[in-house]
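Below is one structure; the comments refer to it alone.
Lettering follows sequence order; numbering is per chain, from 1.
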There are 2 protein chains.
Amino acid sequence: MIPGAMKKHQDLLAFLRSQKMRVTPPRRLLLQFILDHSNRRLSIREIQEFMGAQLRKADRSSVYRNLETFERLGIIQSLSFPGEGRRYQYVFDRKVRHFYICRSCGKANRGDERLFRRVEAALKDIHGFAKANLSVVFYGACSKCRKNSPTA
Amino acid sequence: MIPGAMKKHQDLLAFLRSQKMRVTPPRRLLLQFILDHSNRRLSIREIQEFMGAQLRKADRSSVYRNLETFERLGIIQSLSFPGEGRRYQYVFDRKVRHFYICRSCGKANRGDERLFRRVEAALKDIHGFAKANLSVVFYGACSKCRKNSPTA
DNA sequence: GCAGTTATTGCGACTTGTTGCAATAAGTTG
DNA sequence: CAACTTATTGCAACAAGTCGCAATAACTGC
């Protein structure tokens, strides 16, 4: 387990409770699994397999519902990557929460903090949308794909 | 039909050919349908129903494959909206191609051009990602939801 | 316009994701 | 800590989306 993960886990449980959400076995487990793999984009398959194996059978629908809940709370961000389906990633206390996805090859990159700050700053002009827990996704063409097919 | 849509349709077919893609009946039809409803976010159900009704039975998988193709080429952008599932929207020659999605209530807004330009400008600093055909999606909390639940 | 090449289609089987509902258990109150 | 309230679960049926493969039909060049 990543050092400090235990603390984060407790923090997130507290956060859930502060949002009037109940802390249930499936939620504890799912949260722990996401935290233990916070550096990766998780596929639904590995999540479901883990949940099914750990719990005496966590139902598919509960897992989906909780992923949706966590996303709504800004704990994770789900994204569809061309070629590898939907992925779930921990973002809660991340400084940088934006992604570049190449529409052509499906490769994704995490952005750098400087750009994220600039985008946040640009958003200051837009009223009605919160900067807190903001995620930004860019869809475009990476340099490699643009080279191969200049029109794209 | 929207005035000028016919021209756009021809343009897009030409664009497809320029990309070495073949122009088939399902593609013509799907493209036309998307163009005729370019001001809305289409659900997969209405797309499939239309395709199935028009063609002597356009297969589900072909529709999905073509939607994916069109998205890769930057003709449409698909997005998952909480509460209403995945939606498909025409973006090809749009000046503004970014969306604000509220994680809490699922409401979405189109952004204004000024912000889009600023984000594009910020992207100039990032090498390796094309500005052409860029789409940007913001996930956050709208003012209304933020008011109801300040922590979000 | 015909033959050849190969992208695209349709099909079937499968995986992923959603929804309504009754049963359960988390949190709360006295 | 027992009773209460209601969010969450598991289940089952369904809808949405994916994949491999053989058949088809767009495009190319002659």
Side-chain angles (χ1 to χ4, degrees), chain A residues 10 12-31 41-73 75-76 78-88 104 106 149, chain B residues 12-31 41-73 75-88 104 106 149:
Chain A
Q10 294 304 326
L12 283 171
L13 295 183
F15 175 65
L16 281 185
R17 274 189 256 257
S18 79
Q19 299 296 307
K20 303 284 175 234
M21 319 241 71
R22 293 182 181 176
V23 173
T24 65
R27 282 190 180 155
R28 275 176 198 281
L29 199 59
L30 180 56
L31 215 42
R41 297 190 285 268
L42 298 167
S43 71
I44 190 60
R45 166 161 289 186
E46 52 192 332
I47 294 173
Q48 294 283 14
E49 274 174 4
F50 173 80
M51 294 295 285
Q54 296 300 307
L55 239 45
R56 63 194 136 177
K57 203 71 182 164
D59 192 72
R60 204 167 56 260
S61 62
S62 294
V63 175
Y64 280 115
R65 278 190 278 233
N66 280 324
L67 286 171
E68 192 187 324
T69 298
F70 291 172
E71 181 158 13
R72 182 165 43 79
L73 295 176
I75 296 175
I76 63 172
S78 81
L79 291 173
S80 285
F81 294 95
E84 48 174 327
R86 200 157 150 197
R87 297 274 169 161
Y88 302 84
S104 195
S149 156
Chain B
L12 282 170
L13 295 184
F15 174 65
L16 281 185
R17 274 190 257 259
S18 79
Q19 298 298 306
K20 304 284 175 236
M21 320 240 71
R22 295 181 180 176
V23 172
T24 65
R27 281 190 181 155
R28 276 176 198 281
L29 199 59
L30 180 56
L31 215 43
R41 297 190 286 267
L42 298 167
S43 71
I44 190 61
R45 165 162 288 185
E46 50 191 334
I47 294 173
Q48 294 283 11
E49 274 173 5
F50 172 80
M51 294 296 285
Q54 297 300 308
L55 239 45
R56 63 194 135 180
K57 203 74 182 163
D59 193 72
R60 203 166 57 260
S61 62
S62 293
V63 175
Y64 278 116
R65 277 189 280 232
N66 280 324
L67 286 171
E68 191 188 323
T69 299
F70 292 172
E71 180 156 14
R72 183 165 43 79
L73 296 175
I75 296 175
I76 62 171
Q77 178 69 53
S78 82
L79 289 173
S80 286
F81 295 95
E84 47 175 327
R86 199 158 151 196
R87 297 273 168 161
Y88 302 85
S104 196
S149 157

Requested in this report: Not counting sequence neighbours, which residues clear salt bridge (Lys or Arg N to Asp or Glu O under 4.0 Å) with A/Glu68? List them please.
Outcome: none
Query raised in the report: Starting at CD of B/Glu68 and ending at P of D/dT18, how long is that distance when rounded to a whole Å?
Result: 7 Å
Query raised in the report: Is there a donor-acceptor pair under 3.5 Å between the side chain of B/Arg27 and the backbone N or O of B/Arg22?
Result: yes
Query - Distance, rounded to the nearest Å, where A/Gln19 contributes CD and C/dG27 contributes C1' - result: 16 Å
Requested in this report: Would you state whether a donor and an acceptor, one from the side chain of A/Arg22 and one from the base of D/dT6, lie under 3.5 Å apart?
Outcome: yes
Query raised in the report: Whole-Å distance between C/dT18 C1' and A/Ile44 CD1?
Result: 12 Å
**Report entry** Backbone of A/Leu73 reached by a side-chain donor or acceptor of A/Gln19 within 3.5 Å
**Finding:** no
Query - N/O (side chain, B/Tyr64) to phosphate O (OP1/OP2, D/dT18) under 4.0 Å - result: no
Query raised in the report: Rounding to a whole Å, what distance do you find between B/Leu42:CG and D/dA16:C1'?
Result: 16 Å
**Report entry** Pairwise 5' ranking along DNA chain D for B/Arg86 and B/Arg17, keeping only the more 5' one
**Finding:** B/Arg86
Query raised in the report: Given atom CZ of A/Arg28 and atom C1' of C/dA26, what is their separation to the nearest angstrom?
Result: 11 Å
Query raised in the report: Which distance, rounded to the nearest 0.5 Å, do you find between the CG of B/Leu13 and the OG of B/Ser18?
Result: 11.0 Å
Query - Flag side-chain contact, heavy atom, 4.5 Å: B/Val23 against B/Arg17 - result: yes
Requested in this report: Could you check how far CE of B/Met21 sits from C1' of C/dT6, rounded to whole Å?
Outcome: 12 Å
Requested in this report: Write down the distance between CG (A/Leu67) and P (D/dT9), rounded to a whole number of angstrom.
Outcome: 11 Å
Query raised in the report: For B/Phe81 and C/dT18, what is the distance between atoms CZ and C1' respectively, to the nearest whole Å?
Result: 18 Å
Write out a two-atom table: protein N or O, nucleotide N or O from nucleotides 11-15 of chain D, distance below 3.5 Å.
{"unit_1": "D/dC11", "atom_1": "N4", "unit_2": "A/Ser61", "atom_2": "OG", "d": "3.0"}

Query raised in the report: Taking side chain as C-beta onward, heavy atoms only, is B/Phe15 less than 4.5 Å from B/Met21?
Result: no
Report summary line: Out of C/dG27, D/dA16, C/dT8, minimum distance to the side chain of A/Val23 belongs to C/dG27
Query raised in the report: So, is A/Thr24 close to the D/dT9 phosphate, meaning a side-chain N or O under 4.0 Å from OP1 or OP2?
Result: yes
Report task. Would you indicate whether the side-chain heavy atoms of B/Leu79 and B/Arg87 approach each other to under 4.5 Å? Result -> no
